[in-house]
Protein chains: 2
Amino acid sequence: MNIENTQSQMRKGILEFCILSVIRRGEAYPSDIVEEMKAANLNILEGTLYPLLTRLKNAEMLTYRWVESNSGPPRKYFSLTPKGEAFYGELEATWNELANAVHALTKK
Amino acid sequence: MNIENTQSQMRKGILEFCILSVIRRGEAYPSDIVEEMKAANLNILEGTLYPLLTRLKNAEMLTYRWVESNSGPPRKYFSLTPKGEAFYGELEATWNELANAVHALTKK
DNA sequence: TATAGTACTATGCAACACAAAGTACTAATC
DNA sequence: GATTAGTACTTTGTGTTGCATAGTACTATA
């Protein structure tokens with residue numbers, strides 16, 4: 001029981017929401033996602049990001065296309081499906097409810 | 001990949017923070033904790049609460065005493081140890097950082 | 001050709017919320 | 001007194017995901 005572990009636990013379920021938020025704003029490939037999240041003080045590791053993107057794709061929330069890169073290997077650009085768009089709305093509501101509940105409970 | 005599962009994942013690590021918050025405000029027994037959390041729209045199940053309280057006790061964040069009840073079986077009243085108090089401070093900082101990061105990323 | 005940088009894939013583990021089943025104590029009812 | 005109901009706590013097993021690690025593949029550069 002230490003703070004690093006608890007932080008990791010706290011991130012579960014939330015990273016999914018964050019990733020969809022980044023992609024929802026515009027087609028993005030994994031490094032884009034990493035950069036945007038890092039800019040918001042959310043560091044995500046490839047061991048988490050790639051399987052998560054794969055799960056989201058398999059669940060039909062995301063779709064992707066390969067784009068040749070002019071400075072390295074090809075990149076996988078992801079975008080939201082309509083199903084992913086709807087799911088995003090649910091995630092947003094769920095997160096807001098949770099955050100508000102925690103705020104209400106801990107700030108009294 | 002559905003909203004109920006994601007909600008459950010989102011709660012991981014957070015419930016610990018909430019429980020310590022309730023107990024920090026004053027000695028409490030499990031049903032007290034359930035009621036206070038329910039009032040804040042955070043429902044916690046016994047299968048989660050009791051093992052969590054046990055983990056916190058085993059990690060020396062909590063201590064407890066038995067109190068006879070005048071309307072049923074005895075109750076286990078929990079309170080924070082100094083170590084638990086310090087850990088709470090870390091949890092609060094960690095949660096705030098995470099919540100702020102998510103807000104920054106998703107509300108732009 | 002070998003190396004470096006970039007991009008992506010696969011696998012195994014630890015931890016916790018959830019679900020369910022069970023034990024124990026006390027008061028009320030028969 | 002025996003049984004039932006309500007309250008309180010304990011135990012166990014499962015599924016999921018972030019983390020950690022190792023690996024493959026593509027392109028540019030030396």
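Labels below follow one simple rule: chain letters A, B, ... track the order of the sequence lines, proteins then strands, and each chain is numbered from 1.
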With the sugar-phosphate defined as primed atoms, P, OP1 and OP2, and the base as all remaining atoms, what B/S/- string results for nucleotides 9-21 of chain C, 5' to 3', for protein heavy atoms under 4.0 Å?
BB---BBBSBBBB

Go along nucleotides 25-30 of chain D 5' to 3' and tag each nucleotide: B for a protein heavy atom under 4.0 Å from its base, S when only backbone or sugar atoms are that close, - otherwise.
-BS---

Could you state the interatomic distance from [atom1] ([X]) to [atom2] ([Y]), rounded to the nearest 0.5 Å?
X        : Y        : atom1 : atom2 : result
Leu15(A) : Leu42(A) : CG    : CG    : 7.0 Å
Lys76(A) : Leu53(A) : NZ    : CG    : 8.5 Å
Ile33(B) : Leu20(B) : CD1   : CG    : 9.0 Å
Asn96(A) : Leu91(A) : CG    : CG    : 11.0 Å
Ile23(A) : Glu85(A) : CD1   : CD    : 11.5 Å

Nearest whole Å is fine: how far is [N] [atom2] from [X] [atom1]?
X        : N       : atom1 : atom2 : result
Asn58(A) : dT17(D) : CG    : P     : 12 Å
Leu49(A) : dT17(D) : CG    : C1'   : 13 Å
Leu20(A) : dT17(D) : CG    : P     : 13 Å

Quick test of your reading: applying salt bridge (charged side-chain N to carboxylate O under 4.0 Å, His left out), list the pairs with at least one residue in residues 52-70 of chain B, sequence neighbours left out, ordered by first then second residue.
Glu27(B)-Arg65(B), Glu60(B)-Lys83(B)

Answer with yes or no whether the hydrophobic clustering places Ile19(A) together with Leu45(A); edges join I, L, V, M, F, W, Y residues whose side-chain heavy atoms lie under 4.5 Å apart.
no

Are Thr94(A) and Phe17(A) side-chain neighbours, meaning at least one heavy-atom pair lies under 4.5 Å?
no

